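Written below as structure tokens is the structure these notes are about.
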Amino acid sequence: MTESTKKPMPARLLDGKAIALQIRQEIALEVETLIRDRGIVPCLAAILVGDDPASQVYVRNKEIACEKAGIQSRLFRMPASTTTSELLALLRQLNDDQKIHGILVQLPLPSQIHEREILDAVHPTKDVDAFAPENVGLISQGRPRYLPCTPHGVAQLLGRCGIETVGKEVVVVGRSDIVGKPLVSMFLQRTGPLGSSNANATVTCCHSQSKDLSSITRRADILIVAIGKANFVTADMVRPGAVVIDVGINRLNDGIVGDVDFDQVSQVASAITPVPGGIGPLTIAMLLRNTLTAAQASANG
Ligand code: GUN
């Protein structure tokens, strides 16, 4: 084959499902130890308001994952017409319940509910999503109590696949409170969940108002995309050889796709996460990790 007809090497697939399984096995062992040594069974309370189909699937998957790891889960279903004060009353009850270690309020909430007020009402020690202001502040100061599940999943995936971030150009596309902002905050730190090689990046964050997006994304050694727009990132936006992490989960008529056009980008990237089977399974694994951390902290507190 001549140089001009040589096909580009397809990217290495970063198998989030396999890594999530490995993490879940590690957690299950720690859960066993906590139960055996301290008699504490970690317990996660999940609150689901209304009947959004995607949220039902997420919550169900979380329940199954908890059970497999030996973590108890309690699901609180509330009707779509629930008010902010009704939800606050349930949170007070769960905050006070010593047997519940983690509380998760599934988002999005129906529009009549004041989301910020609800998230602020979860006790910070039970805030396994790491959405509470105190926990966000601790992350930005480099002394996290909990790491938010999806960004933590990204860091674990990179670290466990042997992809270091030290001194690399990490470009995050998306500035959500759940994914984009905490990713920026985490990769800026001197140390990450897997040590110093899992942090210390030069981080850039782009968003809907960024000018000439491609010129920024093409700088990335590691490009992380979390904007919720199907197949948004195309091959021309990616520097050949970059690592591409796709956090998007977009439901189309013919299936689930990410924010990255996988067919195109896998021809230029050196490594890429698939959707499904990339970051999604890690998000759940890290939720289990936070629930276990909460239960371990309750044993020591
Ligand atoms: N809805 C979509 N992602 C999330 C998440 O990470 N946590 C919660 N609680 N709800 C979500």
Side-chain angles (χ1 to χ4, degrees), residues 16 20 23 43-66 71 73-78 80 82 84 87-88 90-91 94-95 100-111 113-124 126-133 135-136 139 144-157 172 174-183 185-186 224-230 245-251 256 258-259 275-276 278-291 293-294:
I23 293 173
C43 179
L44 173 71
I47 304 175
L48 179 57
V49 185
D51 37 35
D52 175 61
S55 292
Q56 310 247 17
V57 174
Y58 288 141
V59 167
R60 182 74 197 122
N61 287 340
K62 287 167 189 169
E63 279 187 299
I64 294 168
C66 279
I71 293 175
S73 69
R74 292 180 57 191
L75 176 58
F76 295 82
R77 284 178 181 276
M78 301 183 88
T82 302
T84 301
L87 192 44
L88 286 173
L90 173 60
L91 283 173
L94 299 176
N95 281 338
I100 287 176
H101 306 102
I103 301 173
L104 176 142
V105 182
Q106 184 64 36
L107 301 178
L109 289 168
S111 57
I113 295 181
H114 198 294
E115 183 176 294
R116 192 66 261 173
E117 204 179 328
I118 295 302
L119 298 181
D120 286 356
V122 175
H123 194 282
K126 298 192 178 190
D127 171 35
V128 286
D129 265 323
F131 291 165
N135 289 327
V136 174
I139 293 161
R145 174 186 280 132
Y146 302 117
L147 290 170
C149 304
T150 300
H152 189 188
V154 172
Q156 288 284 342
L157 179 84
V172 178
R175 56 174 160 185
S176 69
D177 290 340
I178 298 184
V179 183
K181 281 189 212 160
L183 273 172
S185 187
M186 284 168 60
I224 310 174
V225 192
I227 50 174
K229 287 185 199 272
I245 305 293
D246 188 351
V247 179
I249 300 177
N250 305 290
R251 274 155 229 280
I256 292 177
D259 292 348
V275 176
I279 295 300
L282 282 154
T283 298
I284 295 191
M286 301 335 294
L287 173 69
L288 303 182
R289 166 55 66 193
N290 285 348
T291 305
T293 300

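Computed from a predicted structure; not experimentally measured. Each ligand, and each atom within it, is numbered from 1 in the order the structure gives. Position 1 is the first residue of the sequence; numbering continues from there.
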Check your understanding: Would a search of protein heavy atoms around atom 3 (N) of ligand 1 find one under 4.0 Å away?
Key -> no
Check your understanding: Would you say Gln106 has any N or O atom under 3.5 Å from an N or O of ligand 1, going by distance alone?
Key -> yes
**Study point:** Contact check, side chains of Ile178 and Phe131, non-hydrogen atoms, under 4.5 Å
**Key:** yes
Exercise for review: Using side-chain contact (heavy atoms from CB on, under 4.5 Å) as the criterion, point out the one residue from Leu287, Val179, Ile284 that pairs with Thr150.
Suggested key: Val179
Check your understanding: Are the side chain of Asn135 and the backbone of Pro124 linked by a donor-acceptor contact shorter than 3.5 Å?
Key -> yes
Check your understanding: Do Val49 and Pro110 have side-chain heavy atoms sitting under 4.5 Å apart?
Key -> yes
Practice item. Look at atom 10 (N) of ligand 1 and say which protein heavy atom is nearest, naming residue and atom and giving the distance to 0.1 Å. Key: Leu107 N, 3.0 Å
Practice item. Of the side chain and backbone of Val105, name the one, both, or neither that has a heavy atom under 4.0 Å from an atom of ligand 1. Key: backbone
Exercise for review: Please check if the side chain of Asn290 supplies one atom and the backbone of Leu147 the other of a donor-acceptor pair under 3.5 Å.
Suggested key: yes
Exercise for review: May I ask you to check if ligand 1 and Phe131 share an N or O to N or O distance below 3.5 Å?
Suggested key: no
Review point. Can you tell which of Val122, Asp129, Val59 gets a heavy atom nearest to atom 6 (O) of ligand 1?
Key: Asp129
Review point. Is Thr291 reaching over with its side chain to a backbone N or O of Gly102, donor-acceptor style, under 3.5 angstrom?
Key: no
Check your understanding: Side chain, backbone, both or neither: which part of Leu104 comes within less than 4.0 Å of ligand 1 when only heavy atoms are counted?
Key -> side chain
